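The structure appears right after this line, and notes come after that.
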There are 2 protein chains.
Amino acid sequence: MDKLVLFDAEKHFLEILWAAEPVKSTELARICQEKLGWKKPTTFNMIRKLADKRLLQNENATVTALISRRDLQRLESEALLQQSFQGSVPAFLAAFLEGRRLEPDELEALKRLIEEARS
Amino acid sequence: MDKLVLFDAEKHFLEILWAAEPVKSTELARICQEKLGWKKPTTFNMIRKLADKRLLQNENATVTALISRRDLQRLESEALLQQSFQGSVPAFLAAFLEGRRLEPDELEALKRLIEEARS
DNA sequence: GCAAAAGGTTTGTCTTGACAAACCCCACAT
DNA sequence: ATGTGGGGTTTGTCAAGACAAACCTTTTGC
């Protein structure tokens, strides 16, 4: 896949889809009307756009995501790391720690993660 | 400061400014022409736009950044963390480790960072 | 004095994201 | 046959980003 660019409206839409999938397209349109104030064509246009980007599929009027929230989070994180930190997680963390103190439980959790990553 | 949104062109411009500052505005326009293919007004417009955002200043035709690369990196990182991981660094790292193995020296560097963050 | 350079601003064009009005087709119920 | 609902598409409008043509003013050099 090429460089993935997602805009705010697309992300909001995906959040709704993840919470509702698998979901009938008309039901999804109703939810978007309720939560985002969208009219029906807006939702169908978004469905078509994200299907073109292969992020979801709409088969037999049932919409399912082709990418999980987790995977999207990871892709976005990697993109940021690559763009701003040359892919270096330590560089990211160092920059981050400069502006903010982590809680002890956060540090413990980080330590555990690193131990697990070693094995 | 409000929620900071920077677009690609702005980021590219800032990279050039950071590499050259303090720099005469006309010299900056020359560099942008060379590296980005911009004409002079484009650069001056960008200078004015980013000055409005208080990201740089142009005094006596000398341009300097008001935000360092480091600080921008941190702001972007925090925005991503907040948007996708509810501000949790461990959650970020866990998601990240799911898709990629870190090198031993990276793990060491991370461990050191965490030890230092404890004191 | 005049032209060129320095240091800009104003206005315009094109592209694209965000959103929807108008419309389409099919199936089903009455 | 007609109306309604389901499931969409096409086309349009508006706003904003990206970029620059045309223009402006001041200073400097000849």
Side-chain angles (χ1 to χ4, degrees), chain A residues 1-17 20-67 72 75-76 79 83, chain B residues 1-17 20-67 72 75-76 79 83:
Chain A
M1 191 188 325
D2 229 355
K3 170 159 179 167
L4 175 65
V5 176
L6 276 191
F7 301 99
D8 278 357
E10 290 167 339
K11 287 180 192 169
H12 290 146
F13 177 79
L14 276 174
E15 289 287 345
I16 287 167
L17 174 58
E21 70 166 335
V23 61
K24 301 293 288 183
S25 51
T26 39
E27 174 65 11
L28 189 54
R30 193 195 59 74
I31 299 175
C32 289
Q33 158 66 236
E34 183 192 323
K35 292 191 189 268
L36 302 175
W38 286 0
K39 297 291 167 68
K40 187 180 61 159
T42 308
T43 300
F44 277 98
N45 285 334
M46 180 64 77
I47 289 172
R48 195 160 57 252
K49 184 159 74 161
L50 294 189
D52 287 348
K53 289 189 177 181
R54 297 186 172 278
L55 295 179
L56 62 80
Q57 66 184 358
N58 181 15
E59 305 281 357
N60 304 315
T62 298
V63 187
T64 49
L66 293 179
I67 185 171
L72 183 60
L75 287 175
E76 283 184 316
Q83 183 195 351
Chain B
M1 193 187 330
D2 229 354
K3 169 159 181 168
L4 176 65
V5 176
L6 275 190
F7 301 99
D8 277 0
E10 292 169 336
K11 287 179 192 169
H12 290 148
F13 177 79
L14 277 174
E15 287 288 344
I16 287 168
L17 174 58
E21 71 166 334
V23 59
K24 302 293 290 183
S25 52
T26 38
E27 173 66 12
L28 190 53
R30 194 195 60 73
I31 300 175
C32 289
Q33 158 67 234
E34 183 193 324
K35 291 187 189 271
L36 302 174
W38 287 358
K39 298 290 168 66
K40 187 180 61 156
T42 307
T43 300
F44 277 98
N45 284 335
M46 180 63 77
I47 289 172
R48 194 160 57 250
K49 183 160 71 161
L50 293 189
D52 286 347
K53 290 187 176 183
R54 297 186 173 279
L55 295 180
L56 62 81
Q57 65 185 359
N58 182 13
E59 305 282 357
N60 304 316
T62 298
V63 187
T64 50
L66 292 179
I67 184 171
L72 183 60
L75 287 174
E76 284 184 316
Q83 181 194 355

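Reminder, nothing fancy here: chain letters follow the sequence lines and each chain counts from 1. All of these numbers come straight from a predicted model, not from anything done at the bench. Atom set for the values below is all heavy atoms of this structure, side chains included, hydrogens, waters and symmetry mates excluded.
Nearest to the side chain of A/Phe7, among C/dC19, C/dG7, C/dG17, sits C/dG17. Taking only side-chain atoms of B/Asn45, from C-beta outward, the nucleotide of C/dT10, D/dG7, C/dG17 with the closest atom is C/dT10.
Within the 4.5 Å cutoff, the side chain of A/Leu56 has heavy atoms near those of the A/Phe13 side chain. Between A/Glu10 and A/Lys49 there is a side-chain heavy-atom pair separated by less than 4.5 Å. Considering only heavy atoms from C-beta on, B/Leu6 comes within 4.5 Å of B/Lys53 through its side chain.
Contact annotation for B/Phe44: base contact, defined as any heavy-atom pair under 4.0 Å involving a base atom. Counting any heavy atom pair closer than 4.0 Å across all strands shown, A/Lys40 reaches a base atom. Counting any heavy atom pair closer than 4.0 Å across all strands shown, B/Thr42 reaches a base atom.
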Side chain to side chain contact (heavy atoms under 4.5 Å, CB included) assessment of B/Thr62 paired with B/Ser25:
CA-CA 6 Å; B/Thr62 298; B/Ser25 52; over 6 Å; no
Exercise. Assess whether side chain to side chain contact (heavy atoms under 4.5 Å, CB included) is satisfied between A/Lys11 and A/Glu76, documenting all intermediate values.
Key: CA-CA 11 Å; A/Lys11 287 180 192 169; A/Glu76 283 184 316; 2.8 Å; yes
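Taking a cutoff of 4.0 Å between a charged side-chain nitrogen and a carboxylate oxygen, A/Glu15 and A/Lys35 do not qualify as a salt bridge.
Per the geometry, CZ belonging to B/Arg48 stands 4 Å off P belonging to C/dT9, to the nearest Å. Atom P of nucleotide D/dG17 and atom NZ of B/Lys53 are separated by 7 Å, given to the nearest angstrom. One can place CD of B/Glu59 at 21 Å from P of C/dA6, the figure rounded to the nearest angstrom. Rounding to whole angstrom units, CD of residue B/Glu27 and P of C/dG8 are separated by 14 Å. Distance B/Lys39 NZ to C/dG8 P: 20 Å, rounded to the nearest Å. Regarding B/Leu36, its CG atom lies at a distance of 14 Å from the C1' atom of D/dA20, rounded to whole Å. Rounded to a whole Å, the CG atom of A/Leu50 is 16 Å from the C1' atom of D/dG8. One interatomic measurement links the two molecules: NE2 of B/His12 to C1' of D/dC19, which rounds to 15 Å at whole-angstrom precision.
Both key distances under 3.5 Å define a Watson-Crick or G-U pair, and stretches of 3 or more such consecutive pairs in DNA chain C run C:1-30 with D:1-30.
Using a 4.0 Å cut-off, no side-chain N or O of A/Asn60 falls inside it from OP1 or OP2 of D/dG7. Between D/dG6 and A/Lys24, no contact under 4.0 Å exists linking OP1 or OP2 to a side-chain N or O. Checking the phosphate oxygens (OP1, OP2) of C/dA18, a side-chain nitrogen or oxygen of A/Lys49 falls inside 4.0 Å. Close to C/dG7, at under 4.0 Å from its OP1 or OP2, lies a side-chain N or O of B/Thr26.
Shown here for A/His12 and A/Leu36, the closest heavy-atom pair between the two residues is CB-CD2, 4.3 Å.
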